[in-house]
Every structure is written in C-alpha cells, then in structure tokens.
Number of protein chains: 2
Amino acid sequence: MLELRHLRTLQAIDDAGSLVEASERLHVTQSALSHQLKDLEHRLGLELIVRRTRPVRFTTAGSRLLALARQILPLVKKTETELKRLSAGDSGRLHIAIECHSCFQWLMPALDRFREDWPEVELDLSAAFGFEPLTALTRGDLDMVVTSDPVDDPAVCYLPLFRYELVLAVARDSEWAARRFIEPGALAEQTLITYPVERERLDVFTAFLDPAGVAPGSVRTAELTPMMVQLVAAGRGVAALPNWALTEYLDLGLVKSVRLGEEGVWRTLYAAVRQGDQTVPFIQDFMETAEALCFKNLSGIRRVNLSA
Amino acid sequence: MLELRHLRTLQAIDDAGSLVEASERLHVTQSALSHQLKDLEHRLGLELIVRRTRPVRFTTAGSRLLALARQILPLVKKTETELKRLSAGDSGRLHIAIECHSCFQWLMPALDRFREDWPEVELDLSAAFGFEPLTALTRGDLDMVVTSDPVDDPAVCYLPLFRYELVLAVARDSEWAARRFIEPGALAEQTLITYPVERERLDVFTAFLDPAGVAPGSVRTAELTPMMVQLVAAGRGVAALPNWALTEYLDLGLVKSVRLGEEGVWRTLYAAVRQGDQTVPFIQDFMETAEALCFKNLSGIRRVNLSA
DNA sequence: GCTCCAACATGAGAGATCCTCATATTAAAG
DNA sequence: CTTTAATATGAGGATCTCTCATGTTGGAGC
C-alpha cells in the first residue's frame with residue numbers, strides 16, 4: 001500500500017515547496033505527482049497537503065508521513081549505496097576532464113562528497129585543453145568529459161546535468177549595465193575576453209555572434225574566470241560566461257551581467273561517458289551527487305526538460 | 001528502484017524459511033516471489049539468498065537488506081496504523097460473537113493486542129448460542145461473527161482466518177489411539193461428546209456422520225473444551241474438536257487424536273462482517289493481528305488457499 | 001472587477017510493471 | 001533411482017503508473 005515512492009514524493013514536495021518544482025527534481029511530470037498524491041490521499045481517506053498556499057503546507061497526516069520519510073529514506077539510501085559497492089566491487093576509476101574552466105567551482109565539492117562514499121574509486125580531474133577529450137574518452141584515457149557541446153557519437157552517452165544561461169559580463173559603470181539584453185551587432189566595436197580555446201568551442205561565437213555574422217572588435221584571452229572578471233571590471237572588455245559562474249562577482253558588485261539577445265543563450269551542461277558506463281553504479285552515484293550539489297549551490301540554473 | 005515490497009518479501013522469506021511459505025504469508029504465488037527476487041537480484045547484480053539450503057540462507061547483501069527491512073518496516077507499519085486512526089476516527093465498535101468455544105484461546109490474545117492499537121474502539125465478546133448470530137450481525141447488534149459455516153448472503157462478507165482439521169479426541173489407552181484414521185461407522189457404537197448446540201452446527205455431523213448415514217451410539221454434551229477432554233480421557237466417550245484446540249492436551253498426554261476418514265475433515269474458520277465493513281480500517285487491522293497471532297500460536301493450521 | 005499567469009487537477013490512453021497460470025527444472029529424501 | 005517438495009521460467013493478462021493534452025483555480029497586477 002504505502003510505498004517508498006510516496007515518501008520520496010512527499011519529501012521532494014517539502015523540499016521544493018510546490019508540486020511543479022518537486023516533479024522536476026524527481027524527473028517526472030507534474031501530472032504524475034498530482035495523480036499519485038491524489039490517489040494516496042484517497043486511499044488513506046486523508047488530505048496530506050494543502051495546495052492553495054505557497055509553499056504548500058502539510059496537514060497533520062502529511063507531516064506524519066513526511067517525518068517517516070525523513071527518518072527512513074536516508075537509511076534506504078545508505079543501504080542502496082552499500083549494495084552498489086558490493087555489487088560492482090568498490091573500486092574503479094573516474095578520470096574526469098572539463099572543457100569549461102568555471103566547472104571547478106561545483107566539481108570540487110562534488111568530488112569531495114563522492115570520495116566519502118567511494119573511497120576506493122581512483123579520482124582524477126584535468127582540464128581538456130590542447131587535446132580532443134572525446135577521443136581520449138572513447139580510447140579509455142578518460143572516463144568522463146564535462147561539456148556543453150554534445151556530439152552525435154554512438155560510443156558516447158551524454159548525461160545532462162543542468163541548463164544555464166550564457167550571459168555577458170560588463171563593467172559596472174558601462175552604458176550596457178542597465179540594458180535588459182544586447183544584440184550581436186553591439187559587440188562589433190568591443191573587446192571580447194574569452195578562454196584560450198578554439199573559436200568553435202566558444203558558445204558566444206557558435207550560438208550568438210556567428211549566426212548574426214558579427215565579429216567582435218578584438219579578442220583577448222584569459223585563463224581563469226577571476227582574471228576575466230578583473231579585466232571586465234577594469235573596462236578592458238566584456239566576457240561571455242555562464243550565469244552561475246558570475247554569481248559571486250555580481251554579488252560583490254564587481255561587474256554586471258547582460259542577456260545575450262532577447263531570449264538569452266541557453267546551454268545544457270552534460271557529463272559525457274562511454275556508452276554503457278551510464279549504468280556503472282559509482283557513475284550513477286556521482287551524477288546524483290553532482291546534480292544535487294549543483295542545484296544546491298549554483299543559482300540561475302534550470303533542470304533539464306524531460307522531453308529534451 | 002528498491003521498494004518496500006522487496007523488503008517485505010525478504011522479511012517474509014526470513015520468517016518463513018522458504019519462498020513457498022513466504023508466498024502464502026504474503027498472499028501471493030510462489031512464482032511472484034521468485035520473479036520479484038530474481039528481478040531484484042538482477043538489478044542489484046547481487047545474489048541475495050542461497051536457495052539450495054533449507055531454510056534458505058541470506059548472503060551478505062541479503063542480510064544487509066534484511067536488516068534494513070527489520071529496521072524500517074515496523075516504523076512504516078506504525079505510521080500506517082496512526083494514519084488509519086486519523087482517517088476514520090479512532091473510535092468505533094467491535095462486538096464479536098463466536099460460534100466455536102475453542103476460539104477463546106486465540107481470540108483473547110488477539111483482542112489484547114488489538115486494544116493497544118485501538119484504545120477507543122469499544123470491544124465486546126460473546127458466545128453465539130441460543131440465537132441466530134448472522135441476523136444479529138446484519139441487524140447491527142453484532143459487528144463480527146467467528147464461524148466455520150459461511151452462508152451465502154449478499155449482506156455478509158466472510159473474511160477467512162485459517163484452515164484447520166476436525167479430529168477425534170480419544171482416550172490414550174483406547175484401541176483407536178494408534179489408528180491413522182477412523183471411518184464414520186465406527187462411531188455407531190460410541191458415545192460422542194459435543195458442545196451443547198444444534199446438530200446442524202456441529203461439523204462432525206454435517207461433514208462426517210450424516211453423509212455416511214451414521215448416528216453415534218449416544219450423545220452427551222459439555223460446555224467447555226477442558227471438560228470434554230476430561231471426559232474423553234476418562235474413557236466416557238470421544239469428541240470431535242479442532243486440531244489446534246487439542247494441542248495442549250495432546251502434549252500433556254491426556255488424550256490422543258485420530259483423523260476423521262482417510263482424507264480428514266478440513267474446515268475454514270471465517271470472520272463474518274457486514275458487507276462493506278471489510279474496508280473499515282480497524283476491522284482490517286484486527287484481521288491482520290488475529291491472523292498473525294493464530295499462525296504464531298496455533299499448531300496444525302493452514303493458510304487459506306488464494307483461489308478458494 | 002477583470003485579465004493574465006502560474007500552479008494544480010483531470011481524463012484518456014500508452015507503456016511498463018507485476019502477478020498468475022502452467023510447466024520445467026532441481027535437489028534431497030526414501 | 002524414483003518420488004516429492006521446492007524453486008525457476010515463459011507467456012499472457014490485469015493492473016498500475018506514467019505522459020499528454022487540456023481544464024480549472026487562485027492570486028497579482030492593471
């Protein structure tokens with residue numbers, strides 16, 4: 001009758017504050033949760049949550065179930081992890097390469113957390129510059145590549161992490177700072193600061209400037225996000241960066257961010273693994289850990305749409 | 001992925017010692033458990049129990065899951081009971097009548113246990129002699145009748161408790177004591193000791209003697225099981241009683257039991273409730289409690305076949 | 001008060017799941 | 001080496017649980 005599914009749902013609703021948000025976290029539709037909850041309430045003959053408030057409020061019965069969920073779900077999760085370790089052996093290798101410098105920000109905490117659960121898995125992290133990471137992945141030199149450019153290849157499986165917006169960092173006193181968005185043409189007179197990688201890997205070109213046939217006034221490179229922010233703040237140019245990578249600098253008031261085009265440029269960040277590896281227990285666990293930490297720590301990111 | 005269903009299955013297998021017995025306790029087929037277990041083992045990539053031993057042995061992984069089951073299932077159960085109490089109100093009435101004297105034996109502990117969970121339910125227990133209990137049930141004077149004679153009535157719902165064998169208690173030194181079974185004809189010369197109720201309510205007549213057209217030499221009555229056993233032990237006659245009601249006297253060596261006919265006379269004990277009442281939370285809970293206690297304390301009883 | 005928007009509800013139908021039935025296989029006991 | 005009790009397996013059907021499409025509702029803003 002009562003099943004873990006129901007407890008997971010209630011916990012997610014509590015964490016999220018609404019059915020819509022909870023359904024995204026659980027990777028099901030809002031309709032599914034609505035049906036499931038209604039069915040449970042019907043069978044219990046009790047109302048569990050009051051929907052017309054925001055965030056939703058739990059009734060006495062709902063709270064009781066929620067308490068049960070909070071009590072037993074961690075135990076279940078712990079046992080599941082233990083069993084996964086037992087099944088595939090607790091050892092293995094996870095060599096990760098990132099194409100996106102900023103990813104260090106969330107990857108480091110994720111790796112720390114992961115190491116606790118899988119102490120025997122050999123971890124390694126490298127930046128994928130100066131070589132073709134997907135080749136290294138299929139060849140077996142790497143086990144995971146974090147990228148926002150999925151390439152159609154039957155040997156590679158792309159596991160989505162989150163969607164983010166590519167925004168333009170501009171100086172605080174720049175005349176663009178107050179604009180809601182800017183058009184590609186505006187960059188023709190500007191200095192664009194980018195990471196030192198090939199143009200084809202830079203979304204600001206592939207998704208914004210190139211389609212409009214615009215080239216920036218000049219381009220200069222910087223290795224690390226803080227360096228780019230310093231240059232932008234000093235009025236030496238503008239830089240296209242993921243919105244979540246800019247949050248801390250925006251909060252500090254160093255720079256401002258402006259949308260690229262009316263709709264904005266949205267990208268999805270993926271973890272690419274070898275086809276088949278998506279079922280390896282510790283890979284699945286890593287993805288769960290990473291996703292949870294990202295949505296906890298990064299602001300402005302969105303969940304990947306199911307149908308995508 | 002992992003669900004409470006799996007934990008309940010593992011717990012039942014541990015309690016029962018085999019898939020067959022566990023499947024009966026869970027009211028599903030053996031096939032269902034086999035499939036379920038195999039599927040779980042497959043998805044975990046781990047063997048959970050070793051089947052070729054009796055009782056089955058749990059592997060490390062199986063034990064881990066079993067420990068989880070023993071830890072969280074009681075918590076779940078407790079919460080479910082609480083919610084049931086919340087839903088239908090925690091009060092109500094359960095007036096029970098028994099047609100079978102011996103039933104006091106298991107009914108008393110069941111009522112004690114039940115009272116702990118449902119303190120607000122008004123309990124009453126009476127013997128259904130000298131009046132028609134089913135009429136009292138449909139009229140609302142009673143809420144449950146414990147009987148082994150289901151009568152086809154759309155207003156009444158029969159909830160099976162267990163199957164038992166009606167056996168003949170004979171004196172220890174009687175010449176029948178060593179027989180595997182006796183034929184109806186043998187009773188023609190004997191004194192039969194029965195409860196003081198109408199012939200039609202006595203299974204020994206309806207299911208054994210009457211079909212063979214035999215009447216016992218003489219009939220005398222006794223009110224209580226211990227009295228009947230005393231008379232039988234003293235060589236004053238024989239008595240047909242449920243096998244489970246005789247267990248303690250057999251163990252004491254007071255009397256012996258003999259099967260009635262080659263196949264034995266098997267009966268099912270039911271709890272009759274008003275149609276619709278079978279969904280009342282505290283009635284369901286009472287049935288679960290009673291069933292669990294019966295199979296724990298009574299020996300020689302069987303589970304009711306699903307297809308019956 | 002009216003419109004709009006976001007959140008939740010609902011009905012129908014597809015797909016997955018889980019169970020049962022019938023039967024095969026296996027292991028242990030006689 | 002049979003016999004029997006337990007477990008395994010394959011097929012098929014009932015049920016469940018999603019998704020899709022659309023309806024309804026409550027509250028913020030004009």
Side-chain angles (χ1 to χ4, degrees), chain A residues 1-59 62 160 263 279 302-308, chain B residues 1-59 62 180 263 279 302-308:
Chain A
M1 149 116 216
L2 186 65
E3 277 295 352
L4 290 180
R5 176 168 32 96
H6 300 123
L7 297 182
R8 293 192 237 262
T9 296
L10 287 174
Q11 193 178 51
I13 290 175
D14 185 45
D15 290 340
S18 78
L19 296 211
V20 170
E21 170 66 13
S23 67
E24 285 171 10
R25 296 193 185 203
L26 295 171
H27 305 296
V28 294
T29 60
Q30 169 269 325
S31 177
L33 287 205
S34 183
H35 280 299
Q36 183 184 116
L37 200 59
K38 192 185 150 112
D39 173 64
L40 183 61
E41 289 183 325
H42 178 73
R43 281 187 305 181
L44 292 174
L46 289 165
E47 204 181 29
L48 295 176
I49 64 174
V50 182
R51 276 100 156 152
R52 59 184 168 285
T53 66
R54 199 138 55 242
V56 293
R57 201 177 72 238
F58 282 70
T59 65
E263 302 301 320
T279 61
R302 306 218 183 141
R303 289 182 195 275
V304 175
N305 199 318
L306 280 178
S307 43
Chain B
M1 147 114 217
L2 187 65
E3 276 296 351
L4 290 180
R5 175 166 36 93
H6 300 123
L7 297 183
R8 293 193 238 262
T9 296
L10 288 174
Q11 192 176 51
I13 290 174
D14 185 45
D15 290 341
S18 78
L19 296 212
V20 170
E21 169 68 12
S23 67
E24 284 170 11
R25 293 191 187 204
L26 295 172
H27 306 296
V28 294
T29 60
Q30 170 270 325
S31 177
L33 288 205
S34 183
H35 281 299
Q36 184 183 115
L37 200 58
K38 192 185 149 108
D39 172 65
L40 184 61
E41 290 183 326
H42 177 74
R43 281 187 304 180
L44 292 174
L46 288 164
E47 204 181 27
L48 294 176
I49 64 176
V50 181
R51 277 102 156 150
R52 60 184 171 283
T53 67
R54 204 139 51 244
V56 293
R57 203 178 70 239
F58 282 71
T59 64
R180 199 175 69 76
E263 302 301 319
T279 60
R302 304 216 183 144
R303 289 181 193 275
V304 175
N305 199 319
L306 280 179
S307 43

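All figures in this text were calculated on a predicted structure; none of them were measured in a lab. Basis for what follows: all heavy atoms, side chains included, without hydrogens, waters or symmetry-related copies. Chain letters run A, B, ... following the sequence lines, proteins first, then strands; residues in each count from 1.
Rounded to whole angstrom, the span from the CG atom of A:Leu33 across to the P atom of C:dT10 amounts to 15 Å. Rounded to whole Å, atom P of D:dA6 lies 14 Å from atom CD1 of B:Ile13. Atom-to-atom, CD of A:Glu3 to P of D:dT15 comes out at 18 Å; the value is rounded to the nearest Å. If you measure from atom CZ of A:Arg43 to atom C1' of D:dT17, you get 11 Å, rounded to the nearest angstrom. Between A:His42 atom NE2 and D:dC16 atom C1' there is a gap of 15 Å when expressed in whole angstrom units. The CE atom of A:Met1 sits 11 Å away from the P atom of D:dT17 (whole-angstrom rounding). The separation between A:Arg8 atom CZ and D:dC18 atom P is 12 Å, rounded to whole Å. At whole-Å resolution of the value, CG in B:Leu26 and C1' in C:dC19 are 13 Å apart.
Between B:Arg8 atom CZ and B:Asp15 atom CG the span is 13.5 Å, to the nearest 0.5 Å. In this structure, CG on B:Leu40 lies 9.0 Å from CZ on B:Arg5, to the nearest 0.5 angstrom. Summarising the geometry, atom NE2 belonging to B:His6 is positioned 4.5 Å from atom CD belonging to B:Gln36; distances are rounded to the nearest 0.5 Å.
When the shell of 6.0 Å around CZ of B:Arg43 is examined, it contains more than 12 heavy atoms from other residues, nucleotides or ligands.
Judged purely by atom type and a 3.5 angstrom limit, A:His35 has no side-chain atom pairing as donor or acceptor with the backbone of A:Ala32. Checked by atom type and distance alone, the side chain of B:Thr59 pairs as donor or acceptor with a backbone atom of B:Glu47 at under 3.5 Å.
Dashed line: the shortest gap from a side-chain N or O of B:Arg5 to OP1 or OP2 of C:dC18 is under 4.0 Å. Phosphate proximity of D:dT17 to A:Gln36: absent, as no side-chain N or O sits under 4.0 Å from OP1 or OP2.
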> For every nucleotide of nucleotides 7-14 of chain D, 5' to 3': is a protein heavy atom under 4.0 Å from its base (B), only from its sugar-phosphate (S), or from neither (-)?
Replying inline: BBBBB---
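Listed by chain and number, the residues in a side chain to side chain donor-acceptor pair (under 3.5 Å) with A:Glu41 are A:Arg51 (sequence neighbours excluded).
Overall bending of the helix from C:dG1-D:dC30 to C:dG30-D:dC1, expressed as the angle between end axes built from five pairs apiece, is 30° (10° steps).
Listed here is the closest heavy atom pair of B:Val50 and B:Thr53: O-OG1, 3.6 Å.
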>> Run A:Asp14 and A:Ile49 through side-chain contact (heavy atoms from CB on, under 4.5 Å) and show every step you take.
In response: CA-CA 10 Å; A:Asp14 185 45; A:Ile49 64 174; over 6 Å; no
